[in-house]
Novice: 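Dropping the structure in here first, questions after.
None of the values given here were measured: they were computed from a predicted structure.
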Amino acid sequence: QVQLVESGGGLVQAGGSLRLSCTASDRTFSSYRMGWFRQAPGKEREFVASIGGVISNTYHADSVKGRFTISRDNAKSTVYLQMNSLKPEDTAVYYCAAGVRLSATTMLPQYWGQGTQVTVSS
């Protein structure tokens, strides 16, 4: 069982930045594809970004491409999401996930964090 703990959420004005962190308890962290997902009120959870385990290839959803950047530090068992130029529509609970690669653009989450709230005011 992998435990994931997110941090870094909060309230920010439109145009601002936040960096989310997610630390895993598992020593095999580098073997997992890691991802960030988000869920806004009344909407389904949606994919944001993912990163490979060893090669660290990344993929970002079109809605965040050019503004958000996913990265990881395997030595710290931590994955990050740097969010710049935030918009009110980015407001959501952001979830970290550990899983496996399904294709170049998709992953299957196997473990989830508890989520961290990001609120962007206009």
Side-chain angles (χ1 to χ4, degrees):
Q1 185 77 10
V2 178
Q3 293 185 332
L4 303 171
V5 179
E6 300 107 330
S7 61
L11 173 64
V12 65
Q13 289 188 333
S17 298
L18 282 174
R19 188 177 81 155
L20 306 182
S21 300
C22 171
T23 300
S25 62
D26 201 287
R27 293 185 177 184
T28 61
F29 174 79
S30 63
S31 68
Y32 291 98
R33 187 163 190 91
M34 299 298 296
W36 287 96
F37 295 73
R38 67 185 182 186
Q39 188 167 17
K43 294 187 177 182
E44 292 187 354
R45 191 171 298 187
E46 65 174 0
F47 169 82
V48 175
S50 68
I51 185 168
V54 178
I55 299 177
S56 295
N57 53 312
T58 62
Y59 180 72
H60 298 78
D62 288 343
S63 58
V64 305
K65 200 169 293 182
R67 300 187 299 123
F68 293 9
T69 302
I70 189 170
S71 63
R72 67 190 295 162
D73 184 338
N74 288 337
K76 296 182 178 179
S77 297
T78 300
V79 61
Y80 305 96
L81 185 69
Q82 177 67 43
M83 304 185 295
N84 299 326
S85 303
L86 282 160
K87 305 175 181 180
E89 52 262 45
D90 294 318
T91 295
V93 177
Y94 283 71
Y95 297 90
C96 171
V100 297
R101 175 184 182 274
L102 292 180
S103 71
T105 59
T106 60
M107 66 173 288
L108 175 65
Q110 296 172 303
Y111 304 100
W112 293 96
Q114 82 286 355
T116 184
Q117 177 70 47
V118 171
T119 303
V120 184
S121 63
S122 57

Novice: Do Thr91 and Gln117 make a side-chain contact, defined as non-hydrogen atoms from C-beta onward lying under 4.5 Å apart?
Specialist: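 Contact flag for Thr91/Gln117 side chains = yes.
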
Novice: Which value, rounded to the nearest 0.5 Å, describes the distance between Leu108 atom CG and Ser103 atom OG?
Specialist: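 Going from CG on Leu108 over to OG on Ser103, the span is 11.0 Å.
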
Novice: Are Val48 and Leu86 linked, directly or through intermediate hydrophobic residues, by side-chain heavy-atom contacts shorter than 4.5 Å (ILVMFWY only)?
Specialist: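 Yes, Leu86 and Val48 fall within the same hydrophobic cluster.
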
Novice: Between Thr23 and Thr78, does any side-chain donor sit less than 3.5 Å from a side-chain acceptor?
Specialist: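 Yes.
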
Novice: If you count every heavy atom of other residues, nucleotides or ligands that lies below 6.0 Å from Lys65 atom NZ, does the total exceed 12?
Specialist: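 Counting other residues, nucleotides and ligands, NZ of Lys65 exceeds 12 neighbours.
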
Novice: Using a 3.5 Å distance criterion without hydrogens, assess whether the side chain of His60 forms a donor-acceptor pair with backbone atoms of Ile70.
Specialist: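 Yes, because the side chain of His60 sits within donor-acceptor range (under 3.5 Å) of the backbone of Ile70.
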
Novice: Output, in order, the C-alpha distance, side-chain angles, deciding distance and verdict of side chain to side chain contact (heavy atoms under 4.5 Å, CB included) for Asp90 and Met83.
Specialist: CA-CA 10 Å; Asp90 294 318; Met83 304 185 295; over 6 Å; no

Novice: Could you state whether Phe47 and Val64 fall into the same hydrophobic cluster, counting links through intermediate Ile, Leu, Val, Met, Phe, Trp or Tyr residues with side-chain heavy atoms under 4.5 angstrom apart?
Specialist: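 Unlinked, Phe47 and Val64 end up in two clusters.
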
Novice: Give the cluster check for Val2 versus Val79: same hydrophobic cluster or not, with ILVMFWY residues linked at side-chain heavy-atom distances below 4.5 Å.
Specialist: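 Per the 4.5 Å side-chain linkage, Val2 and Val79 are co-clustered.
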
Novice: How are the rings of Phe68 and Tyr94 set relative to one another: parallel (under 30°), tilted (30 to 60°) or perpendicular (over 60°)?
Specialist: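 It falls in the tilted class, 30° to 60°.
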
Novice: Run through Glu89, Glu44, Glu6, Glu46 and flag the one making a salt bridge (Lys or Arg N to Asp or Glu O under 4.0 Å) with Arg38.
Specialist: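 The single option meeting the salt bridge (Lys or Arg N to Asp or Glu O under 4.0 Å) with Arg38 is Glu46.
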
Novice: According to a 4.5 Å side-chain heavy-atom criterion applied to Ile, Leu, Val, Met, Phe, Trp and Tyr, with indirect links allowed, do Phe37 and Ile51 form part of one hydrophobic cluster?
Specialist: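 Per the 4.5 Å side-chain linkage, Phe37 and Ile51 are not co-clustered.
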
Novice: Could you check Ser85 against Arg67 for side-chain hydrogen bond (donor to acceptor under 3.5 Å, both in side chains), going step by step and ending with a plain yes or no?
Specialist: CA-CA 6 Å; Ser85 303; Arg67 300 187 299 123; over 6 Å; no

Novice: Is there a chain of hydrophobic side chains (I, L, V, M, F, W, Y, each step under 4.5 Å between heavy atoms) that links Leu18 to Val93?
Specialist: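 Different clusters.
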
Novice: Under the side chain to side chain contact (heavy atoms under 4.5 Å, CB included) rule, what do Cys96 and Trp36 come out as? Steps first, then yes or no, please.
Specialist: CA-CA 5 Å; Cys96 171; Trp36 287 96; 4.0 Å; yes

Novice: Does Arg72 use its side chain to pair, donor to acceptor, with the backbone of Phe29 at less than 3.5 Å?
Specialist: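 Looks like yes, one N/O pair under 3.5 Å.
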
Novice: For Ile55, does the CD1 atom have more than 12 heavy-atom neighbours from other residues, nucleotides or ligands under 6.0 Å away?
Specialist: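 Open.
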
Novice: Can you list the steps and then say if Tyr59 with Arg101 is a side chain to side chain contact (heavy atoms under 4.5 Å, CB included)?
Specialist: CA-CA 11 Å; Tyr59 180 72; Arg101 175 184 182 274; over 6 Å; no

